[in-house]
Amino acid sequence: MLLAEGVAGPEKGGGSAAAAAAAAASGGAADNSIEHSDYRAKLTQIRQIYHTELEKYEQACNEFTTHVMNLLREQSRTRPISPKEIERMVGIIHRKFSSIQMQLKQSTCEAVMILRSRFLDARRKRRNFSKQATEILNEYFYSHLSNPYPSEEAKEELAKKCSITVSQVSNWFGNKRIRYKKNIGKFQEEANLYAAKTAVNAAHAAAAAVQNSQANSPTTPNSGFQMKDEEFQLDSAESKNTLLSNMFTGGYPAPCYQSDGRIQ
DNA sequence: GTAGATGATTTTGT
DNA sequence: ACAAAATCATCTAC
């Protein structure tokens with residue numbers, strides 16, 4: 001973090017104007033969920049406040065120094081003042097102001113830390129995916145029921161389509177697989193729904209294919225697709241959705257169509 | 001306020 | 001490194 005670099009060490013001291021100023025930058029709304037852009041904006045805001053405050057302090061320091069010098073000069077008319085004494089005074093003033101600047105640095109750093117932790121918390125906070133996104137993910141899942149393990153490329157594409165991250169896609173499939181397996185019955189309806197959906201897509205694709213080339217005879221869908229995980233084999237009689245999807249796809253084990261209707 | 005759904009994280013196994 | 005399973009934390013509908 002840019003601001004953290006300059007801070008030397010822990011500095012005790014009560015609340016200062018600096019602390020208030022820095023806190024104002026991160027505080028403000030009682031909004032817990034901080035978006036990334038929000039986070040960056042607030043960070044620059046803190047930085048700006050830090051710099052303007054620093055400048056102000058510098059100016060104040062100079063002003064105060066000249067003020068004291070004037071006072072001393074005035075006093076020198078009534079009593080002798082050695083240059084050493086003046087030097088000492090200036091030294092005291094500068095030390096005081098630099099300690100104040102330390103506090104500014106400290107509180108700015110604190111503000112950044114608070115902002116950071118809030119941002120991290122916000123990321124940890126769960127937000128449901130959009131309906132569209134779950135639609136796309138479910139379409140992929142149910143049309144790859146025999147092997148619902150998207151490759152890295154597939155994950156990337158899904159992530160792009162759903163505007164979520166690849167690891168979120170991985171999380172989603174991890175959760176979906178385990179929850180589907182745990183209670184297939186509960187997902188029956190959903191499975192049927194998406195089977196029908198992919199079937200419709202397939203029909204459209206088929207129609208388009210026929211239009212494109214009437215001479216081509218329909219090729220037999222790939223009979224040799226692997227079933228890596230027995231858990232997801234669709235030959236079990238208990239899986240009604242299989243029957244239904246088979247009806248739609250002409251009796252082949254699992255629909256192998258992408259969401260846009262193309263054959264894999 | 002609560003139950004169930006859902007996304008994220010942690011733990012464990014390969 | 002990746003996946004399953006368990007668990008946590010939040011969201012949503014009631």
Side-chain angles (χ1 to χ4, degrees), chain A residues 1 26-43 111-199 201 222 224-242 244-245 253-260 264:
Chain A
M1 208 108 296
S26 68
D31 175 21
N32 271 13
S33 63
I34 300 173
E35 298 290 322
H36 190 249
S37 56
D38 222 358
Y39 172 71
R40 294 191 58 137
K42 284 188 173 168
L43 210 57
V112 171
M113 289 310 206
I114 290 166
L115 183 66
R116 216 171 110 80
S117 71
R118 268 197 215 160
F119 174 62
L120 259 38
D121 278 357
R123 280 203 314 183
R124 191 188 169 85
K125 242 176 210 170
R126 197 172 69 68
R127 301 225 64 200
N128 284 357
F129 297 156
S130 69
K131 225 157 181 225
Q132 254 181 325
T134 20
E135 191 101 327
I136 290 164
L137 293 166
N138 271 317
E139 240 168 61
Y140 188 97
F141 180 79
Y142 286 110
S143 61
H144 296 74
L145 250 190
S146 59
N147 184 33
Y149 298 85
S151 65
E152 198 55 38
E153 298 87 64
K155 278 183 193 170
E156 270 165 33
E157 196 176 331
L158 284 168
K160 210 168 145 194
K161 273 193 201 164
C162 301
S163 40
I164 57 178
T165 66
V166 173
S167 57
Q168 281 179 306
V169 173
S170 298
N171 284 342
W172 190 91
F173 273 87
N175 283 323
K176 191 72 185 182
R177 280 192 300 261
I178 200 81
R179 283 162 187 167
Y180 177 82
K181 203 171 78 175
K182 252 186 177 170
N183 190 355
I184 294 178
K186 200 174 70 185
F187 291 95
Q188 204 90 97
E189 211 178 313
E190 192 177 77
N192 293 344
L193 202 132
Y194 283 101
K197 202 171 275 189
T198 48
N201 285 344
N222 189 6
F225 71 91
Q226 290 86 12
M227 295 205 184
K228 274 188 188 163
D229 190 348
E230 311 81 43
E231 306 273 12
F232 286 101
Q233 281 190 16
L234 290 175
D235 56 332
S236 60
E238 79 224 26
S239 187
K240 273 188 236 148
N241 65 299
T242 311
L244 199 119
S245 66
C256 299
Y257 303 99
Q258 293 182 333
S259 54
D260 58 357
Q264 270 191 310

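The sequence lines fix the lettering, A, B, ..., with proteins before strands; numbering per chain opens at 1. Remember, predicted model here, so these are calculated numbers, not experimental data.
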For a quick test of reading the model: is some side-chain N or O of [X] closer than 4.0 Å to OP1 or OP2 of [N]?
X: Asn171(A); N: dA8(B); result: yes
X: Lys182(A); N: dA4(C); result: no
X: Gln168(A); N: dA8(B); result: yes
X: Arg177(A); N: dA3(C); result: no
X: Tyr149(A); N: dA4(C); result: yes

Taking [atom1] from [X] and [atom2] from [N], how many angstroms apart are they, rounded to a whole number?
X: Glu135(A); N: dT6(B); atom1: CD; atom2: C1'; value: 16 Å
X: Asn138(A); N: dA5(B); atom1: CG; atom2: P; value: 14 Å
X: Asn175(A); N: dG4(B); atom1: CG; atom2: C1'; value: 15 Å
X: Ile178(A); N: dT12(B); atom1: CD1; atom2: C1'; value: 12 Å
X: Phe141(A); N: dA3(C); atom1: CZ; atom2: P; value: 13 Å
X: Arg179(A); N: dA6(C); atom1: CZ; atom2: P; value: 12 Å
X: Tyr180(A); N: dA4(C); atom1: OH; atom2: C1'; value: 17 Å
X: Arg126(A); N: dG4(B); atom1: CZ; atom2: P; value: 16 Å

Nearest-nucleotide comparison on DNA chain C, the residue closer to the 5′ end among Asn128(A) and Gly174(A):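 Its nearest nucleotide lies further toward 5', so the answer is Gly174(A).
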
Is Lys155(A) touching bases, backbone alone, or none of the nucleic acid, heavy atoms closer than 4.0 Å?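 Sugar-phosphate contact only.
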
Indicate, with a heavy-atom threshold strictly under 4.0 Å, whether Phe173(A) touches base, sugar-phosphate, or nothing.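 Contact class for Phe173(A): none.
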
Compare every heavy atom of [Y] with every heavy atom of [X], then report the nearest pair and how far apart it is.
X: Tyr194(A); Y: Thr134(A); result: OH-O, 4.3 Å
X: Ala159(A); Y: Val166(A); result: CB-N, 3.8 Å
X: Arg179(A); Y: Phe187(A); result: O-CE1, 3.0 Å

Would you say Gln132(A) has more than 12 foreign heavy atoms packed within less than 6.0 Å of its CD?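 Not buried by this count: 12 neighbours or fewer within 6.0 Å.
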
For Glu157(A), run the side-chain contact (heavy atoms from CB on, under 4.5 Å) check against Glu153(A), Lys155(A), Lys161(A) and tell me which one passes.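 The residue from Glu153(A), Lys155(A), Lys161(A) that satisfies side-chain contact (heavy atoms from CB on, under 4.5 Å) with Glu157(A) turns out to be Lys161(A).
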
